[in-house]
Number of protein chains: 2
Amino acid sequence: MDYLQQIGFAGLNSRIKRLSDELLYSTRDYYKNADLDIEPNWHLIFLLLEEHESLTITEISQELRMSHPACVKIIKKMKKRDYIDTTTDKSDSRKQLLKLSGKAKDRLPLFHKHWDACIETTKDLIKKSPHFLQELSEFESLVSEENYMNRTIKNFDEL
Amino acid sequence: MDYLQQIGFAGLNSRIKRLSDELLYSTRDYYKNADLDIEPNWHLIFLLLEEHESLTITEISQELRMSHPACVKIIKKMKKRDYIDTTTDKSDSRKQLLKLSGKAKDRLPLFHKHWDACIETTKDLIKKSPHFLQELSEFESLVSEENYMNRTIKNFDEL
DNA sequence: TACATTTGCGTAACCAGTTACAAATATTTA
DNA sequence: TAAATATTTGTAACTGGTTACGCAAATGTA
């Protein structure tokens, strides 16, 4: 029996962390196994750039609700592997316009086949959990309304 | 509208990661705000040592389903702050027996009050999600039966 | 008993996120 | 127009996880 499950509510955050890590590392192993030369999370940026033609770091970090330094790191790697080309915005020289490279466009059809397999896996995993997506959304929405810290401060004061 | 939610199954893993990070950082902020001198995850080890009197690194890492180097890091910090005392096992000198220090025992009642507030928060967050715990367990169980990578390899071959 | 294998734990190097700070450019305002 | 403020991007230092490796001690086996 799993200790984190045993302790009920006290273990929930750590279970979510553990699951998230497991999925991340396993996805990385999958890409390595399939010899894909990409990393987890890159697919989000590929998807955004397939939709948008060009985006800046700031726009991507807003879309993904992620800090901009995190995006900078990911983009830096993707550029190093020649999946992204950058040009400076003519009307605002601070902005770097990010676009898919030729190499990226060449490989995206293959990548999509693998991402489709990932989607199948995800579907399998929640096949018997018809409320999971809905209830996860509820969780996300509550946490973004008022963060965990502030909620807990209030709860502590009321105890 | 949140892009990760828009893209459906393709965004699920990243949503779990994002939520897990949000909870982790917010919990750390909570401890800092409450001036508690502890970090997230330590509570799992405190709970285990309240139940067990003494444990080794290996036992803890097995209980928490976490790599032993991760435990070593956490324990090292807890020792540095004098929450844990160690002695070498008399019958097996490789083993370090970990026990709660006097300081830990003194402060645990206060810590528990704060952890109770955390539990209240968690309860609030899933109050409207009656299937969440059950379906999370199902998810964990499926992933531990066969990992995400192997599932995806199979799915790719079948496509 | 001697050698091979396993176990416990520590370290190193890596990955992926965060906050805090800095520098350059744009924009707003006095 | 000049100065203050805001935005964009980048870097540094931190957290918290992983795998890979090494060493010492314990255990199994020939």
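Because the structure is predicted, anything quoted here is derived from the model rather than measured.
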Requested in this report: Check the pair B:Tyr31, B:His114 against side-chain hydrogen bond (donor to acceptor under 3.5 Å, both in side chains), reporting the backbone distance first and the verdict last.
Outcome: CA-CA 9 Å; B:Tyr31 290 145; B:His114 288 281; over 6 Å; no
Side chain of [X] (C-beta onward), nearest among [options]:
X       : options                : result
B:Ile57 : C:dG10, D:dA25, C:dT25 : C:dG10
B:Lys73 : C:dA13, C:dT11, C:dC15 : C:dA13
B:Ser93 : C:dC9, D:dT18, D:dA26  : D:dA26

Between [N] atom [atom2] and [X] atom [atom1], what is the distance in whole Å?
X       : N      : atom1 : atom2 : value
B:Lys80 : D:dT15 : NZ    : C1'   : 14 Å
B:Asp92 : C:dT6  : CG    : C1'   : 12 Å
B:Lys90 : D:dA26 : NZ    : C1'   : 19 Å
A:Asp89 : C:dA26 : CG    : C1'   : 12 Å
B:Glu59 : C:dT7  : CD    : P     : 14 Å
A:Leu64 : C:dA16 : CG    : C1'   : 14 Å
B:Arg65 : D:dG17 : CZ    : C1'   : 17 Å
B:Lys77 : C:dG10 : NZ    : P     : 16 Å

Report task. Kindly give the heavy-atom pair with the smallest separation between A:Ser61 and A:Thr58, and that separation in Å. Result -> OG-O, 2.9 Å
Query raised in the report: Does OP1 or OP2 of D:dA26 have a side-chain N or O of B:Lys95 closer than 4.0 Å?
Result: no
[Y] and [X], any side-chain heavy atoms less than 4.5 Å apart:
X       : Y       : value
B:Leu98 : B:Met78 : no
A:Gln96 : A:Ile75 : no
A:Arg18 : B:Ser20 : no
B:Ile16 : B:Leu19 : no
B:Ile84 : B:Leu49 : yes

**Report entry** ring-ring contact (aromatic ring centres under 6.0 Å, His included) partners for A:Tyr25, two or more places apart
**Finding:** none
Requested in this report: Tell me which residues in residues 140-156 of chain B put a heavy atom below 4.0 Å from DNA chain D, sorted by number, or none.
Outcome: none
Requested in this report: Tell me which residues in residues 6-41 of chain A put a heavy atom below 4.0 Å from DNA chain D, sorted by number, or none.
Outcome: A:Asp21, A:Tyr25
Requested in this report: Specify whether B:Phe46 and B:Trp115 have parallel, tilted or perpendicular ring planes, treating 30° as the upper limit for parallel and 60° as the lower limit for perpendicular.
Outcome: tilted
Query raised in the report: Can you find an N or O donor on one side and an acceptor on the other, under 3.5 Å apart, linking the side chain of A:Arg94 with the base of C:dT25?
Result: yes
Query raised in the report: What about B:His68: does its side chain form a donor-acceptor pair under 3.5 Å with the base of C:dG8?
Result: no
Requested in this report: Could you tell me whether B:Arg151 and A:Asp124 have a side-chain N and a carboxylate O separated by less than 4.0 Å?
Outcome: no
Report task. Give one of base, sugar-phosphate or nothing for A:Ser67, where a contact means two heavy atoms less than 4.0 Å apart. Result -> base
